Protein chains: 2
Amino acid sequence: MTIEREADLGMLIGQLGRALQDELFSRLAEQGHPHVRPRHGTVLSVLPESGARATELARLSGQHKQIVGVIVDELVELGYVRRESDPSDRRAKLVVPTEAGVDEVAKARAILAAIEQRHREELGDETYRTFKTALEHITHSQRGWQSLQR
Amino acid sequence: MTIEREADLGMLIGQLGRALQDELFSRLAEQGHPHVRPRHGTVLSVLPESGARATELARLSGQHKQIVGVIVDELVELGYVRRESDPSDRRAKLVVPTEAGVDEVAKARAILAAIEQRHREELGDETYRTFKTALEHITHSQRGWQSLQR
DNA sequence: TGATGATCGTCAAGAATCTTGACTAACTTC
DNA sequence: GAAGTTAGTCAAGATTCTTGACGATCATCA
């Protein structure tokens, strides 16, 4: 005897997030990238091919610069990025993707695009477009919830 | 000069999940529940008022029974649940919510409902309904992605 | 009834991730 | 050149999940 309750927005989002992550990293592993972990993606996915500073990556990925430093260390270890000194600022170092890094990002994007395409075919173009647009609006709005306080 | 990329499904879901969690736990803290942490919610939200066994909670919440054991320890410490021995099975213990536990669940549900209502008003009833239905389908479908493998 | 296997809850170790505070070196502004 | 800001790092610890194992109890069936 089980009491299953109606799923609320929080549960749905959490479950979907975990399921997406499972498929993404499982397929990346099959496609030659078995060592990338989720947090590597948060940095790689915002890293321009021309490179960026660690502080810029922290801002773009929404994480603390301390974590970004560690993640970049691991990405260097994995061979996905290089650290180059920034000629315009001796404090700074440019993080630049290697060929393997560019390949990883391309494959990750392709996998996510394929996942989206699958859902688009299940739901129909129009419904999927409505869904995605609504999700963008809700995400943007929810990220500003603190301005609604008091 | 910033290179912002188009947000994919993974980034949107991740960002929305974090933002929802931030508002939920911030408001719960304001409403008399300052000590609950996200993982407590995964168990409390599936706990029937009549109680359930730890193994059942593990299944319902989708987590390992080891974690559920620890979470229940913390919930007992916080005064949200009691452990009662199960008369029908001497191995098992029933986890039963206290009055405080029932109150926490009610407040969490109300907060999430209010958040959903806010987004419903921004998007319009019909669009929101389409969004929620599509999210349910996609979540269900994505959770079964492994059956698509080879 | 007695043996066998499954289930219930727990102990323990450790991996992965994020948070917070502080600090040095280098840069910018006035 | 003095003062404040910014880039990157060191360090400690909080939070959450994973994996493997175990004793106690229960259920099944020969």
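Hydrogens, waters and symmetry mates are skipped; everything else that's a heavy atom, side chains included, is used. This structure is a prediction, so every number in the text was calculated from the model and none was measured. Residue numbers start from 1 in every chain, and the chains themselves are labelled A, B, ... in the order their sequence lines are given, proteins ahead of strands.
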Can you pull every protein N or O that's under 3.5 Å from an N or O on nucleotides 10-12 of chain C?
unit_1, atom_1, unit_2, atom_2, d
C:dT10, OP1, B:Lys93, NZ, 3.4
C:dT10, OP2, B:Arg83, NH1, 3.4

- prompt: Do the side-chain N or O atoms of A:His64 get closer than 4.0 angstrom to the phosphate oxygens (OP1, OP2) of C:dT19?
  reply: yes
task: Taking ring-ring contact (aromatic ring centres under 6.0 Å, His included) as the test, write out the residues that go with A:Tyr128, two or more places apart.
output: A:Phe131
- prompt: Without hydrogens or angle criteria, can the side chains of A:Arg18 and A:Gln15 be said to hold a donor-acceptor pair below 3.5 Å?
  reply: no
message: Could you work out, with ring-ring contact (aromatic ring centres under 6.0 Å, His included) as the rule, every residue matching A:His33, not counting sequence neighbours?
response: A:Tyr80
task: Nearest whole angstrom, please: distance from the P of D:dG20 to the CD1 of B:Ile67.
output: 14 Å
- request: Could you work out the complete set of other residues in the hydrophobic cluster of B:Val102, with links drawn between I, L, V, M, F, W and Y side chains under 4.5 Å apart?
  value: none
Identify each donor-acceptor pair in which a side-chain atom of residues 60-70 of chain A lies under 3.5 Å from a protein atom, sequence neighbours left out, and give them as a table.
unit_1, atom_1, unit_2, atom_2, d
A:Ser61, OG, A:Leu57, O, 2.8
A:Gln63, NE2, A:Thr42, OG1, 2.7

- prompt: Taking 4.0 angstrom as the limit, do A:Arg53 and A:Asp86 come out as a salt bridge?
  reply: yes
Whole-Å gap separating C1' (C:dC18) and CD (B:Gln15): 17 Å
field: Rounded interatomic separation in angstrom, taking CZ from B:Arg39 and C1' from D:dC17
entry: 9 Å
Distances under 3.5 Å between protein N/O atoms and the N/O atoms of nucleotides 3-7 of chain C, please, pair by pair.
unit_1, atom_1, unit_2, atom_2, d
C:dT7, O2, B:Arg91, NH1, 2.4

message: Working note: B:Arg59 + B:Glu56, criterion salt bridge (Lys or Arg N to Asp or Glu O under 4.0 Å); need CA distance, chi angles, decisive distance, verdict.
response: CA-CA 5 Å; B:Arg59 194 183 61 74; B:Glu56 180 76 354; 3.3 Å; yes
